[in-house]
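One structure is given below, encoded as structure tokens.
Predicted model only: the values in this text are computed from it and were never measured. Both ligands and their constituent atoms are indexed starting at 1 by order of listing.
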Amino acid sequence: MEKTWTDLGHVDSLKDPPLREVTLGTAVIAVSYREGKFGAVSNFCNHAGGPLGSGKLDDDYIICPWHNWKFHRVTGFGEPGFEEDRVPQFELKIENDHLYVNINPITPRQKAPHPPHPLARPVKRENGPLRVVGISTTVMDAKNPRYSTSEKLLQVAVDHAKDLGAQTMFIRLNDLKFRACEGYYSKSAFACTWPCSITQMDETDQLTQVYEALIHWADVVIVSTPIRWGAASSLYHKMIERMNCVQNQITINNKALIQNKVASFIITGGQDNVQDVAGHLLGFFAELGFVFPPFPFIAHTMGWDAEDMERNISYVEKSDGLKSGARDLVKRSMDMAKIILQHVPEEKIVRPGRKAQHLTVDKEE
Ligand code: FES
């Protein structure tokens with residue numbers, strides 16, 4: 001291919017910082033300098049397009065700032081063991097102390113086959129009875145479990161779903177080892193991937209089963225939480241921060257992973273603030289794409305001026321009203337799921353309210 005040399009500037013001005021992004025028309029190049037030698041490769045990482053020129057150097061390898069893949073700063077090859085992945089290399093020359101780059105790459109991009117994560121499969125409801133998952137978010141010493149009012153009522157609800165003919169699953173977040181969200185979205189909306197970047201990189205992370213249940217398996221999701229200082233539990237928040245990747249698919253790919261699914265909630269606490277916690281839960285699950293049955297939560301507290309934790313457990317344990325409330329909640333949720341499953345729209349939901357600045361769908365429209 002014809003060489004198109006472009007002057008990048010005086011060599012002394014290009015040594016520090018040792019790695020930079022240079023935009024030349026449509027070409028964006030990661031230019032580096034180390035131990036007397038310049039290098040130039042495509043700025044776009046093979047993984048999810050991260051900006052290599054904004055990464056950092058590890059000897060002669062560029063570490064991508066998004067998820068840490070490495071590419072040789074001169075040849076573009078992946079790090080040892082991953083050489084099948086290669087980003088394009090650009091030719092350089094020095095004349096009159098100026099560095100020139102040929103903006104037509106001299107090697108092509110090569111992508112090694114990376115089998116997709118099982119969660120990345122198309123979302124399609126399998127035939128069969130309604131499926132109900134209960135997710136308990138209370139925190140406790142797993143070796144010496146205590147009585148949890150929220151988890152107890154969730155168990156009542158899930159047991160009743162089974163009695164009503166549903167397939168059921170019960171997930172205690174407390175039993176799962178999973179990492180907190182590490183903020184890939186804060187680097188770029190496009191760095192927050194589906195499946196979650198952590199899930200893809202860390203096989204030991206156990207939030208996979210929550211994603212599997214929410215995205216692929218369940219028709220109805222019931223989440224239970226205690227109230228801790230006026231808010232849902234810390235484990236609940238740890239889980240939903242990891243759900244950013246689900247909502248983010250709407251933003252960056254115009255893709256709603258959650259459709260035709262119902263969510264409802266069980267909230268218990270020693271003091272009040274039920275409506276505030278319920279408002280948060282409703283808002284968050286609505287943003288994911290869930291719909292709600294009439295009266296989508298049940299709750300219990302002793303009230304702000306009746307902080308009586310010694311009696312709280314026995315109150316819930318003996319309360320037929322709360323237990324029948326839990327059963328009615330799951331019944332309403334299943335009824336709603338049946339209604340929406342009978343009326344599945346043929347077309348996908350069109351851009352449900354969000355878009356990223358550089359949404360590729362805009363180019364196609
Ligand atoms: S490692 Fe570069 S985009 Fe993911």
- request: Mind checking the CG-CG spacing from L19 to N43? Nearest 0.5 Å is all I need.
  value: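 L19 CG to N43 CG: 8.5 Å, rounded to 0.5 Å.
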message: Using a distance threshold of 2.8 Å, state whether an N, O or S atom of C64 lies below it from atom 2 (Fe) of ligand 1.
response: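 Yes.
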message: Can you tell whether the side chains of R242 and D205 come within less than 4.0 Å, N to carboxylate O?
response: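 Salt bridge: yes.
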task: Check the side chains of N312 and H300 for a donor-acceptor pair under 3.5 angstrom, ignoring hydrogens and angles.
output: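 Judged by distance alone, the side chains do pair up.
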Which atoms from ligand 1 have a heavy atom of [X] less than 4.0 Å away?
{"X": "G50", "result": "3 (S)"}
{"X": "W66", "result": "3 (S)"}
{"X": "N68", "result": "1 (S)"}

- request: Give the contacting part of L52 toward ligand 1: side chain, backbone, both or neither, where contact means a heavy-atom distance below 4.0 Å.
  value: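 It is neither; nothing of L52 touches ligand 1.
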query: Counting only heavy atoms, which portion of W69 has something under 4.0 Å from ligand 1: side chain, backbone, both, or neither?
result: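 Both parts.
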message: Report the atom name of the nearest N/O/S atom of H67 relative to atom 4 (Fe) of ligand 1.
response: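 The nearest such atom is ND1.
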message: Of all the N, O or S atoms in H47, which has the shortest distance to atom 4 (Fe) of ligand 1?
response: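 Result for H47 and atom 4 (Fe) of ligand 1: ND1.
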task: Check R146 against V139 and note the closest heavy-atom contact, atom names and distance.
output: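 For R146 and V139, the tightest heavy-atom pair comes out as NH2-O, 2.8 Å.
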- prompt: Honestly curious: do V41 and Y61 fall in one hydrophobic cluster under the side-chain, below-4.5 Å linking rule?
  reply: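 No, V41 does not connect to Y61 through the hydrophobic network.
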Evaluation steps, side-chain contact (heavy atoms from CB on, under 4.5 Å), between E95 and W5: CA-CA 11 Å; E95 277 180 12; W5 293 102; over 6 Å; no
- request: Look at C45 and state whether any of its N, O or S atoms is less than 2.8 Å from atom 4 (Fe) of ligand 1.
  value: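 Not a single backbone or side-chain N, O or S atom of C45 is under 2.8 Å from atom 4 (Fe) of ligand 1.
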- request: Cation-pi check, K152 to Y147: give yes when NZ or CZ is under 6.0 Å from the six-membered ring centre and within 45° of the ring axis, no otherwise.
  value: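 No, a cation-pi geometry is absent between K152 and Y147.
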